[in-house]
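If you read the sequence from its start, that first residue is 1, and numbering goes on from there.
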Amino acid sequence: MLVNRFGGELSLYPNPPHGEFLIDLKETVGYIHLEIMDMTGKVIMSETYENKELLELNLEGPDGVYILRIESEGKSAVIRLIKN
């Protein structure tokens, strides 16, 4: 994990994912924005969600290293994902 201002309120599993993974925010959050980027900075996915606690995502694309950036109500996290 690179930066996590959610503290223990954020879990991501499995990591490394094989494609599908879950983000558990531990409580329902009114607004969540996330981006997944490859190592060149190209945005692979950009989504906004409302009133969610658990996000089920699918990381498409080749195996490799990706960066997940998530923001929600003044909190943010930047997480390195290694897809294999």
Side-chain angles (χ1 to χ4, degrees):
M1 195 169 294
L2 301 175
V3 175
N4 181 2
R5 291 192 169 65
F6 283 86
E9 302 170 22
L10 174 74
S11 296
L12 185 144
Y13 51 91
N15 190 12
H18 295 287
E20 295 180 3
F21 64 98
L22 301 171
I23 298 173
D24 186 351
L25 299 166
K26 307 293 187 198
E27 65 182 9
T28 300
V29 178
Y31 169 85
I32 304 121
H33 179 76
L34 66 86
E35 291 182 335
I36 298 176
M37 296 163 282
D38 66 15
M39 292 308 290
T40 68
K42 179 181 175 189
V43 176
I44 305 298
M45 178 181 165
S46 179
E47 296 288 336
T48 300
Y49 303 91
E50 293 182 0
N51 300 316
K52 295 282 188 178
E53 177 179 345
L54 187 66
L55 303 174
E56 299 178 41
L57 302 169
N58 186 19
L59 179 56
E60 296 183 7
D63 291 353
V65 179
Y66 294 86
I67 300 296
L68 167 69
R69 185 179 334 179
I70 184 167
E71 297 177 357
S72 176
E73 301 177 352
K75 299 176 185 176
S76 63
V78 178
I79 301 166
R80 182 176 55 188
L81 296 172
I82 302 171
K83 181 181 177 191
N84 54 356

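Partners of Lys75 by salt bridge (charged side-chain N to carboxylate O under 4.0 Å, His left out), not counting sequence neighbours, listed by chain and number: Glu9. Every side chain to side chain contact (heavy atoms under 4.5 Å, CB included) that Asn58 has, sequence neighbours left out, goes to Glu20, Glu60. Scored by the side chain to side chain donor-acceptor pair (under 3.5 Å) test, Thr48 finds His33 as partners (sequence neighbours excluded). Not a single side chain to side chain donor-acceptor pair (under 3.5 Å) links Asp24 to another residue, sequence neighbours left out.
The hydrophobic clustering, which links ILVMFWY residues whose side-chain heavy atoms are closer than 4.5 Å, places Ile79 and Ile44 together. There is no path of hydrophobic side-chain contacts, each under 4.5 Å, that joins Leu12 to Leu54.
The two residues Leu25 and Val29 come nearest to each other via the heavy atoms CD1-CG2, 3.9 Å. Of all heavy-atom pairs spanning Ser72 and Tyr31, the tightest one is OG-O, 2.7 Å. Heavy atoms only, all atoms of each residue included: Lys83 and Leu59 are closest at NZ-O, 3.0 Å. Phe21 and Pro14 get closest at one heavy-atom pair: CB-O, 3.9 Å. Taking each heavy atom of Glu73 and Gly30 in turn, the nearest pair found is OE2-N, 2.9 Å.
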Let me have the donor-acceptor pairs involving side chains of residues 35-42, under 3.5 Å, with sequence neighbours excluded, atom names and distances please.
{"from": "Asp38", "atom 1": "OD1", "to": "Thr40", "atom 2": "N", "distance (Å)": "3.0"}
{"from": "Asp38", "atom 1": "OD1", "to": "Thr40", "atom 2": "OG1", "distance (Å)": "2.6"}
{"from": "Asp38", "atom 1": "OD1", "to": "Gly41", "atom 2": "N", "distance (Å)": "3.2"}
{"from": "Asp38", "atom 1": "OD1", "to": "Lys42", "atom 2": "N", "distance (Å)": "3.0"}
{"from": "Asp38", "atom 1": "OD2", "to": "Thr40", "atom 2": "OG1", "distance (Å)": "3.4"}

If you apply the rule side chain to side chain contact (heavy atoms under 4.5 Å, CB included), what do you find for Glu47 with Leu55, and how did you get there? CA-CA 11 Å; Glu47 296 288 336; Leu55 303 174; over 6 Å; no

Do Asn84 and His18 pass the side chain to side chain contact (heavy atoms under 4.5 Å, CB included) test, and can you show the C-alpha distance, the side-chain angles, and the key distance before you say yes or no? CA-CA 5 Å; Asn84 54 356; His18 295 287; 3.7 Å; yes

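Side-chain atoms of Ile23 and Leu68, non-hydrogen and from C-beta on, do get closer than 4.5 Å to each other. In this structure the side chain of Lys26 reaches within 4.5 angstrom of the side chain of Ser11, judged on heavy atoms.
In this structure, Leu34 CG and Arg69 CZ are separated by 11.0 Å, a value rounded to the nearest 0.5 Å.
Other residues, nucleotides and ligands contribute at most 12 non-hydrogen atoms within 6.0 Å of the NZ atom of Lys52.
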